*Asks:* 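Mind having a look at this structure? Questions to follow.
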Protein chains: 2
Amino acid sequence: MDIRHLNWSKTEKAIAQKAFNLALDREFEEVIQEAKGRAAKLAEPDDLWSLERFLTRRRKEIDRRYDYRYSELPFVFGCLIREGRLSLEDLRGLGEDKLDYVRRLISV
Amino acid sequence: MDIRHLNWSKTEKAIAQKAFNLALDREFEEVIQEAKGRAAKLAEPDDLWSLERFLTRRRKEIDRRYDYRYSELPFVFGCLIREGRLSLEDLRGLGEDKLDYVRRLISV
């Protein structure tokens, strides 16, 4: 099955958008909490540049991983479930073509 | 007078090093406090990347401005005094050749 050319109904698009935003919000919240924790402990110049590198790395990771093209979404969702950021429950309502791909990805 | 080719005695070098470190420590402390303040108020993803940009900008500014080559030091000290990070008092003991240049720079 070529997941790059699946059809997405309007309902599926809404479900996908919601799940995507949920994971993204959780990810941002995680970075915010980590940044607050690191900032509270800032003591040396090196800590500053370490905080800077942490933020740069997380921004690039998020940019790279959260790809909202429909051709990429099943793969993105599979990765997010593997990482524990989403559950299959969050994708309930997507067609079996997408869910089947996601299930296979997370069981690899 | 070409400030790039002044002679620095051992005592002058020690005074310069002390003043330079004093200004640099104050600068780092300022960035640390500002970063802590910004981090404490982090609420949105944009705040994260704004904190990242702030750190990158301050790191580059500090790298550029704190140039410890003796050929540059009188100019560096003049700038630091103009910015209120050092006072002429901190440079007491430097030769008149350096102080004269610094005084002229801060009176421009």
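In what follows, every chain begins at residue 1, and chains take the letters A, B, ... in the order their sequences are listed. No experiment lies behind these values; they were computed from the predicted model shown.
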*Asks:* Determine the minimum heavy-atom distance between A:A23 and A:L80, stating which atoms define it.
*Replies:* CB-CD1, 3.7 Å

*Asks:* In Å, rounded to the nearest 0.5 Å, how long is the span from CD1 of A:I106 to SG of A:C79?
*Replies:*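 Here the interatomic distance stands at 11.0 Å.
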
*Asks:* Mind checking the CG-CG spacing from B:L51 to A:L51? Nearest 0.5 Å is all I need.
*Replies:* 5.5 Å

*Asks:* Which atom names give the shortest non-hydrogen contact between B:L94 and B:A16, and what distance separates them?
*Replies:* CD2-N, 4.4 Å

*Asks:* side-chain contact (heavy atoms from CB on, under 4.5 Å) between B:F77 and B:L105: does it pass, once the steps are laid out?
*Replies:* CA-CA 9 Å; B:F77 285 143; B:L105 194 68; over 6 Å; no

*Asks:* Looking at A:V31, A:L24, A:L42, which makes the most heavy-atom pairs under 4.5 Å with chain B?
*Replies:* A:L42

*Asks:* Could you walk me through whether A:L91 and A:I81 pass side-chain contact (heavy atoms from CB on, under 4.5 Å), step by step?
*Replies:* CA-CA 10 Å; A:L91 303 181; A:I81 291 176; 3.7 Å; yes

*Asks:* Give each N or O donor-acceptor pair spanning chain B and chain A at a distance under 3.5 Å, with atom names and distance to 0.1 Å, or state none.
*Replies:*
from  : atom 1 : to    : atom 2 : distance (Å)
B:K36 : NZ     : A:A39 : O      : 3.4
B:K36 : NZ     : A:A40 : O      : 2.9
B:K36 : NZ     : A:L42 : O      : 3.2
B:A39 : O      : A:K36 : NZ     : 3.4
B:A40 : O      : A:K36 : NZ     : 2.9
B:L42 : O      : A:K36 : NZ     : 3.2
B:E52 : OE1    : A:R59 : NE     : 2.6
B:E52 : OE2    : A:T56 : OG1    : 2.6
B:E52 : OE2    : A:R59 : NE     : 3.4
B:E52 : OE2    : A:R59 : NH2    : 2.7
B:T56 : OG1    : A:E52 : OE2    : 2.6
B:R59 : NE     : A:E52 : OE1    : 2.6
B:R59 : NE     : A:E52 : OE2    : 3.4
B:R59 : NH2    : A:E52 : OE2    : 2.8

*Asks:* Say you draw a straight line from CZ of A:F54 to CG of B:L55; how long is it, rounded to the nearest 0.5 Å?
*Replies:*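 If we round to the nearest 0.5 Å, A:F54:CZ and B:L55:CG are 12.0 Å apart.
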
*Asks:* Measure B:A35 against the heavy atoms of chain A and call it side chain, backbone, both or neither at under 4.5 Å.
*Replies:*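 Answer is both: backbone and side chain atoms of B:A35 are under 4.5 Å from chain A.
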
